[in-house]
Engineer: 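Structure in structure tokens, see below.
Note that the structure is a prediction, hence the values are computed from the model and not measured.
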Amino acid sequence: MNAKYAPQEIEEKWQRIWTERKTFNVTEDPARRKYYLLEMFPYPSGRIHIGHVRNYTIGDVVARYKRMQGFNVLHPMGWDSFGMPAENAAIDRGIHPSVWTNDNIANMRRQLQRMGFSYDWDREISTCEPDYYRWEQLFFLKMFEKGLAYKKRSSVNWCPQCKTVLANEQVEAGLCWRCGAEVGEKDLEQWFFKITAYVEELLEYCDRLPGWPEQVLTMQKNWIGKSYGCELSFPMEDGREDIRVFTTRQDTIYGATFMLIAAEHPLVMELARGKACEADVQAFVEKVKKQDKMMRTSDYYDKEGVFLETFCLNPVTNFRMPIYAANFVLADYGTGCVMAVPTHDQRDFEFAERYNLEKIVVIQPPGTTLDPKTMTEAYVDEGLLVHSGPFDGMENLKALEAIAEHLEAIGRGKKTVQYRLRDWGISRQRYWGAPIPVIHCEKCGSVPVPEQDLPVVLPRDIDLTGTGESPLARHDAFWKTICPVCSGPARRETDTMDTFVESSWYFDRFCSPACNVKPGLDRRQVDYWMPVDQYIGGIEHAILHLLYARFYTKMLRDFGVVGVDEPFTNLLTQGMVCKETMRCAEHGYLYPDEARDGRCAHCGREVQIGKTEKMSKSLKNVVDPDYLIQKYGADTVRMFCLFAAPPEKDLEWSDQGVDGSFRFISRTWRIVMDYLDDIRETSPFAGDGELTGDLKALRRKTHQVIRKVTSDIEDRFHFNTAISAVMELVNVLYQTKRPEKSDAVGLAVVRETIEAIVVLLSPIVPHIAEELWTLLGKTDALADTAWPTFDAGIAAEEEITIVLQVNGKVRSRITVPADESEARIKAAARADKRICEFIGDRPVIKEVYVPKKLVNIVVRG
RNA sequence: GCCUGGGUGGCGGAAUUGGUAGACGCAAGGGACUUAAAAUCCCUCGGUCCUUGAGGCUGUGAGGGUUCGAUCCCCUCCCCAGGCACCA
């Protein structure tokens, strides 16, 4: 047999067979263990990129592996098809978002199918279709009823030129990305989901998700940001209503000498009204609203404020505290007001220095005395309280509780818990999203759309210009309606939902994608498949998407729609795919094929190689999967994505590396072809008779590699080392002296090795594996073949190497039988010629023995 | 700035629990095969020094510490990446 490896032919053939036989379609089967493997579904941007290829290849290997382990594997794919890019394409090129989206989906589906992923395509869903989002609207009604969806005023980025709302990413250095106008803030009535109603459960379960990376759980905990402290009230000098603050540092209250209010807090203008400072305050507030929120709370940003010509009183010292509006205080955390203790908070210290405000030391560090006049920075560490009335001399940490109780007793405070997590704003003033099912009536207020009127379908005939209000707000037939309560004229809500809402329950829908009766999820099917056993996606989703999906799951559980507390039992967060950037002085960033031999294809100038960054269209450092498939085949692309780095790390793209993967696959193909005629009729070695020499070593290696590949995939998803192990096995096979045609035992051992190689590689490179399997005379599909097992006895080494150290440095090695005793190994170490030379006549102080690994002899001098 | 990770040969990476640093692959160099080239197969490959050896020293971002022993644990610092609530 001498057929040449022809990836295109083989791959298309097997993809056809899998589709025809519906190999990967599944149904609930209570008799079998289920395994739900899910990769984050893509936004249909037009073409798959290498990041998708990597993500879905990782998932496919696990899906195929689990299938071979006997699990009933659900492995679905769909489209997160609402979102801004469709609208931008419509504005820029005049294509309707639905046409653009569906064309993209068709192309990306073709690309994914050409990669040979083992999806159950019958379960494909697309979130922009009414049969998907109608259920989301139903859930919204339920949320509205329970007070989990509510309206409040909130600010958005607003471009006064385009008269439109901008996403944060559409604001570049404070300017609109489309027109360059200065972006401001605008207050709008917006819909929110009350994620904070579940904050405690979301936090608590962070400690009950052992299958999640610690890193992600830590990020989520910090995001939720639970802190214990006090809510304190400070009386106003003029007798107005008290100012309330939240603090975790009530131990420093005796040092509070001024009050800070977030510039955008409504109280600021209220206090300034009618005073001489009113105009200055107004100007300051406008200025701060334009500052970047992230920057203005940074340690190095200039602390600025304006005096409101008003005072409040420190409730324990009666100190007359001036009140300032400040840029570094956030309106939406705590109460938006902060008691300032300049001696023990660095930001307050800088503010006090700048505006020449009083400083009182209330925590004394051990051993020194702080003088407010000479301090150059705040003292933020522990110490003993001073100038703190009855609490003088207490350790500040112990005083936290005592002072909180004291403040409660005098009616000035209350111990509280504060969270950083805010409610989830879901209103988008955009077209391409799921309509929010609410009608606004002048008489009846915000009225939910009656259930029988769902879905509220997004109209097709729409005029997208990129300017003005939301397109739906200009679509009369859409928004002009009647109130379901009083039948009077009413206005339909024209905001659409954040696309994170769709991705918060799509995994449930995959369990019953065709269900068309309320609530769109068949409880029996959902109960069989959920939760997702393994979820795989980019680390960039560590907080938002994953937290929203967890919240939504808990809520649907409370609605009785699903039966699980958490959606994802195990989570794998993969790193990003990066590639070096290339620039031409004249033509800017270049695509890889625009550079030839280090020169720009347009002008011949020398190309500058830039730093390696995440692959993106704007940097043009992208690789086209279609081109790679055409050149090498899907199997090579799959293998390289897995081989170049473990999944959780960033992957640096390398064209030479792809060549290497192709070479290995071809090398494997060749050796199987080479042996094929001799082993076609042979059965794998069954263990009868003693083996010696090469054959014994080959068989041992085979079983070692089965063990290694199994644990690499099962325990840690390290496909790169699994592939390395198979490469070693192929190398050993090449180096094994070829058994004669008459050597039945030798050929049986080779057959065992070759079958192992093919089966172990099959989840990674399924097409070539199926083909070789067939050529080996097998008639059952490899995809349904059982994963191989290893024999620990055969895999065991007979001899081991013991490292000999003197004072921790390797000086010699000895080879001993694997079961050699400690005493004999130590004796051999002491007797070793090189070790004796190193020890010389120095006295031995200590001898460390690590079983089966090393002996370390410690000597003086 | 805040939160979370990461830094190992010329390059991607390996070392699974504190125990042989550099598996496997790429690049490079050499050899075999070939009329030749490609392909293929085999060998060498961290740095440095010398007495060229089963050699010495050195080496996992930098500096310190703990330990018989540190890529791994602790402290300080530098650099890079992701997230930061309207990109998904």
Side-chain angles (χ1 to χ4, degrees), chain A residues 40-43 45 80 82-85 156-157 165-171 190 213-216 218-223 225 293-301 332 420-430 498-500 503 538-545 547-548 573 575-576 578 611-614 640 643-646 648-661 663-664 666-667 670 711-712 715-716 718 720-721 723-728 731 734-735 801-813 833-834 845-848 850 853-854 856-859:
Chain A
M40 291 181 185
F41 68 162
Y43 177 78
S45 57
D80 188 13
F82 271 139
M84 229 169 29
V156 291
N157 298 315
V165 176
L166 298 177
N168 283 345
E169 71 151 17
Q170 296 174 317
V171 182
Q190 309 230 64
E214 201 51 51
Q215 172 194 10
V216 174
T218 310
M219 282 195 258
Q220 293 216 344
K221 283 186 207 166
N222 290 336
W223 187 256
K293 248 180 220 161
M294 222 184 288
M295 288 308 296
R296 68 183 236 222
T297 51
S298 107
D299 281 358
Y300 298 106
Y301 206 76
D332 38 24
R420 209 181 74 96
L421 181 72
R422 305 200 300 262
D423 276 339
W424 172 15
I426 58 125
S427 276
R428 300 290 181 269
Q429 292 72 37
R430 299 187 202 292
D498 180 4
T499 58
F500 273 126
S503 54
I539 181 70
E540 67 272 22
H541 297 286
I543 296 174
L544 294 180
H545 161 59
L547 195 63
Y548 292 150
T573 47
M576 286 159 315
C578 305
K611 65 173 180 171
T612 297
E613 294 195 65
K614 176 179 171 173
F640 177 71
F643 183 64
E648 67 278 8
K649 278 193 71 165
D650 286 352
L651 183 155
E652 199 177 317
W653 190 261
S654 147
D655 292 326
Q656 290 97 337
V658 184
D659 276 330
S661 293
R663 256 200 310 262
F664 168 65
S666 307
R667 183 171 154 86
R670 273 195 305 274
S711 70
D712 279 349
D715 305 341
R716 43 177 217 158
H718 276 207
N720 56 332
T721 50
I723 294 168
S724 292
V726 182
M727 285 174 168
E728 286 182 41
N731 289 345
Y734 264 92
Q735 271 149 24
T801 301
I802 300 289
V803 167
L804 306 182
Q805 299 183 331
V806 176
N807 287 354
K809 288 191 177 180
V810 180
R811 297 301 181 187
S812 185
R813 292 177 174 84
K833 186 165 154 267
R834 283 185 40 77
I845 301 166
K846 195 170 172 180
E847 208 175 51
V848 182
V850 181
K853 290 234 167 76
L854 65 77
N856 182 16
I857 297 167
V858 184
V859 299

Engineer: Between A14(B) and C73(B), how far apart are the P atoms? Round to whole Å, please.
Structural biologist: 16 Å
Engineer: Closer than 4.0 Å, any side-chain N/O of R834(A) to the OP1 or OP2 of G56(B)?
Structural biologist: yes
Engineer: Could you check whether R430(A) gets within reach of a base, just the sugar-phosphate, or nothing at all, counting any heavy atom under 4.0 Å?
Structural biologist: base
Engineer: If I take atom CZ from residue R811(A) and atom CG from residue N856(A), how far apart are they, to the nearest 0.5 angstrom?
Structural biologist: 11.0 Å
Engineer: From CD of E728(A) over to C1' of G25(B), roughly how many Å is that when rounded to an integer?
Structural biologist: 11 Å
Engineer: Students often get this wrong, so: under 4.0 angstrom with heavy atoms, is K853(A) touching a base, only sugar-phosphate, or nothing?
Structural biologist: sugar-phosphate
Engineer: Check every atom of A85(B), U20(B), A14(B) against the side chain of Y548(A) and return the nucleotide holding the closest atom.
Structural biologist: A85(B)
Engineer: For M576(A) and Q735(A), find the nucleotide of RNA chain B closest to each by heavy atoms; which residue's nucleotide sits nearer the 5' end?
Structural biologist: Q735(A)
Engineer: Tell me whether the centres of the aromatic rings in F640(A) and W653(A) are closer together than 6.0 Å.
Structural biologist: yes
Engineer: Side chains of T721(A) and D712(A): do they bring a donor and an acceptor to under 3.5 Å?
Structural biologist: yes
Engineer: Can you name the residues that form a salt bridge (Lys or Arg N to Asp or Glu O under 4.0 Å) with K221(A), not counting sequence neighbours?
Structural biologist: D207(A)
Engineer: With a 4.0 Å cut-off on heavy atoms, is F500(A) in touch with a base, just the backbone sugar-phosphate, or nothing at all?
Structural biologist: base
Engineer: Within the 4.0 Å heavy-atom criterion, would you say S427(A) contacts the bases, only the backbone, or no part of the nucleic acid?
Structural biologist: base
Engineer: Of the nucleotides G19(B), A14(B), U20(B), which one has an atom closest to the side chain of T801(A)?
Structural biologist: U20(B)
Engineer: Hey, is G64(B) sitting syn or anti, using the within-90° cutoff around 0?
Structural biologist: anti
Engineer: For a quick test of reading the model: is some side-chain N or O of K809(A) closer than 4.0 Å to OP1 or OP2 of U58(B)?
Structural biologist: yes
Engineer: Would you write out the dot-bracket form of RNA chain B, 5' to 3', with Watson-Crick and G-U pairs under 3.5 Å, [ ] for crossing pairs, | for pairs to other strands and . for unpaired bases?
Structural biologist: (((((((..(((......[....))).(((((.......))))).(((((..).))))..(((((..]....))))))))))))....
Engineer: What is the distance, to the nearest angstrom, from the CG atom on L651(A) to the C1' atom on A81(B)?
Structural biologist: 14 Å
Engineer: Evaluate the criterion side-chain contact (heavy atoms from CB on, under 4.5 Å) for residue pair L854(A) and Q805(A); output intermediate values, then yes/no.
Structural biologist: CA-CA 7 Å; L854(A) 65 77; Q805(A) 299 183 331; 4.0 Å; yes
Engineer: So how far is it from D80(A) CG to F41(A) CZ, rounded to the nearest 0.5 Å?
Structural biologist: 3.5 Å
Engineer: Once you apply a heavy-atom cut-off of 4.0 Å, does V810(A) come out as touching a base, just sugar-phosphate, or nothing?
Structural biologist: sugar-phosphate
Engineer: Answer with base, sugar-phosphate or nothing: what part of the nucleic acid does W223(A) contact at a heavy-atom distance below 4.0 Å?
Structural biologist: base
Engineer: For K846(A) and G19(B), give me the distance from atom NZ to atom C1', rounded to whole Å.
Structural biologist: 14 Å
Engineer: Where the side chain of Q656(A) is concerned, which of A27(B), A14(B), G56(B) is the nearest nucleotide?
Structural biologist: A27(B)
Engineer: Distance check, C1' atoms only: U17(B) and A70(B), in whole angstrom units.
Structural biologist: 14 Å
Engineer: Mind listing the closest non-hydrogen atom pair of I539(A) and V216(A) along with its distance?
Structural biologist: CD1-CG2, 4.2 Å
Engineer: Name the nucleic acid region contacted by P85(A), choosing base, sugar-phosphate or nothing; use a 4.0 angstrom heavy-atom cut-off, strictly under.
Structural biologist: nothing
Engineer: Inspect the contact between R663(A) and D659(A) and indicate whether a charged nitrogen and a carboxylate oxygen are less than 4.0 angstrom apart.
Structural biologist: no
Engineer: Can you find an N or O donor on one side and an acceptor on the other, under 3.5 Å apart, linking the side chain of Q429(A) with the base of C86(B)?
Structural biologist: yes
Engineer: Which whole number of Å gives the distance between the P atom of G61(B) and that of C11(B)?
Structural biologist: 13 Å
Engineer: Mind checking if Q805(A) touches a base, just sugar-phosphate, or nothing, with heavy atoms under 4.0 Å?
Structural biologist: base
Engineer: Starting at atom CG of D712(A), determine the distance to atom P of A23(B), rounded to an integer number of angstrom.
Structural biologist: 17 Å
Engineer: Looking at every strand, decide which applies to R811(A) at a 4.0 Å heavy-atom threshold: base, sugar-phosphate, or nothing.
Structural biologist: sugar-phosphate
Engineer: Could you measure the distance from the CD1 atom of I426(A) to the OH atom of Y548(A)? Nearest 0.5 Å is fine.
Structural biologist: 10.5 Å
Engineer: It should be established whether T499(A) places a side-chain nitrogen or oxygen under 4.0 Å from OP1 or OP2 of nucleotide A88(B).
Structural biologist: yes
Engineer: Taking only the side-chain heavy atoms of D498(A) (C-beta and beyond), determine which of C86(B), C24(B), C87(B) contains the nearest atom.
Structural biologist: C86(B)
Engineer: Which part of the nucleic acid, if any, lies within contact of V858(A), taking any heavy atom under 4.0 Å across all strands shown: a base, the sugar-phosphate backbone alone, or nothing?
Structural biologist: sugar-phosphate
Engineer: Measure from the side-chain heavy atoms of N856(A) and tell me the nearest of G82(B), G19(B), A85(B).
Structural biologist: G19(B)
Engineer: Taking only the side-chain heavy atoms of E540(A) (C-beta and beyond), determine which of A15(B), G82(B), U16(B) contains the nearest atom.
Structural biologist: G82(B)
Engineer: In whole Å, what separates the P atom of U35(B) from that of U51(B)?
Structural biologist: 46 Å
Engineer: Can you tell me how far P in C45(B) sits from the matching atom in G55(B), rounded to whole Å?
Structural biologist: 13 Å
Engineer: If the P atom of C72(B) is compared with that of A15(B), how far apart are they to the nearest Å?
Structural biologist: 15 Å
Engineer: Can you tell me how far the CD1 atom of I543(A) sits from the CG atom of L421(A), to the nearest 0.5 Å?
Structural biologist: 10.5 Å
Engineer: Counting side-chain heavy atoms from C-beta on, which of G19(B), G82(B), G13(B) comes nearest to I539(A)?
Structural biologist: G82(B)
Engineer: Expressed in whole Å, how much space separates the P atoms belonging to G19(B) and G13(B)?
Structural biologist: 23 Å
Engineer: Is there a side-chain contact between R428(A) and the phosphate of C86(B), meaning an N or O under 4.0 Å from OP1 or OP2?
Structural biologist: yes
Engineer: Map Y43(A) and G657(A) onto RNA chain B by nearest heavy atom, then report which one ends up closer to the 5' terminus.
Structural biologist: G657(A)
Engineer: When all nucleic acid strands are considered with a 4.0 Å heavy-atom cut-off, which category describes H545(A): base, sugar-phosphate, or nothing?
Structural biologist: nothing
Engineer: Has N720(A) got a side-chain N or O lying under 4.0 Å from the OP1 or OP2 atom of A14(B)?
Structural biologist: yes
Engineer: How would you label the contact of V156(A) with the nucleic acid (heavy atoms, under 4.0 Å): base, sugar-phosphate, or nothing?
Structural biologist: base
Engineer: Taking only the side-chain nitrogens and oxygens of R663(A), find out if one of them lies under 4.0 Å from OP1 or OP2 of C26(B).
Structural biologist: yes
Engineer: Going by side-chain contact (heavy atoms from CB on, under 4.5 Å), W424(A) matches just one of L544(A), D498(A), L547(A). Which one?
Structural biologist: D498(A)
Engineer: Using a 4.0 Å heavy-atom cut-off across all strands, classify Q190(A) as base, sugar-phosphate, or nothing.
Structural biologist: base
Engineer: Could you check whether G575(A) gets within reach of a base, just the sugar-phosphate, or nothing at all, counting any heavy atom under 4.0 Å?
Structural biologist: nothing
Engineer: Taking the same atom, P, in C3(B) and in G9(B), what whole-Å distance lies between them?
Structural biologist: 29 Å
Engineer: Please determine if a side-chain N or O atom of R667(A) lies less than 4.0 Å away from the OP1 or OP2 oxygen of A39(B).
Structural biologist: no
Engineer: Go through the N and O atoms of the side chain of N222(A) and the base of C3(B), and report whether any donor-acceptor pair is under 3.5 Å.
Structural biologist: no
Engineer: To the nearest angstrom, how far is Y734(A) atom OH from C24(B) atom P?
Structural biologist: 16 Å
Engineer: Side chains of Q215(A) and E648(A): any donor to acceptor distance under 3.5 Å?
Structural biologist: no
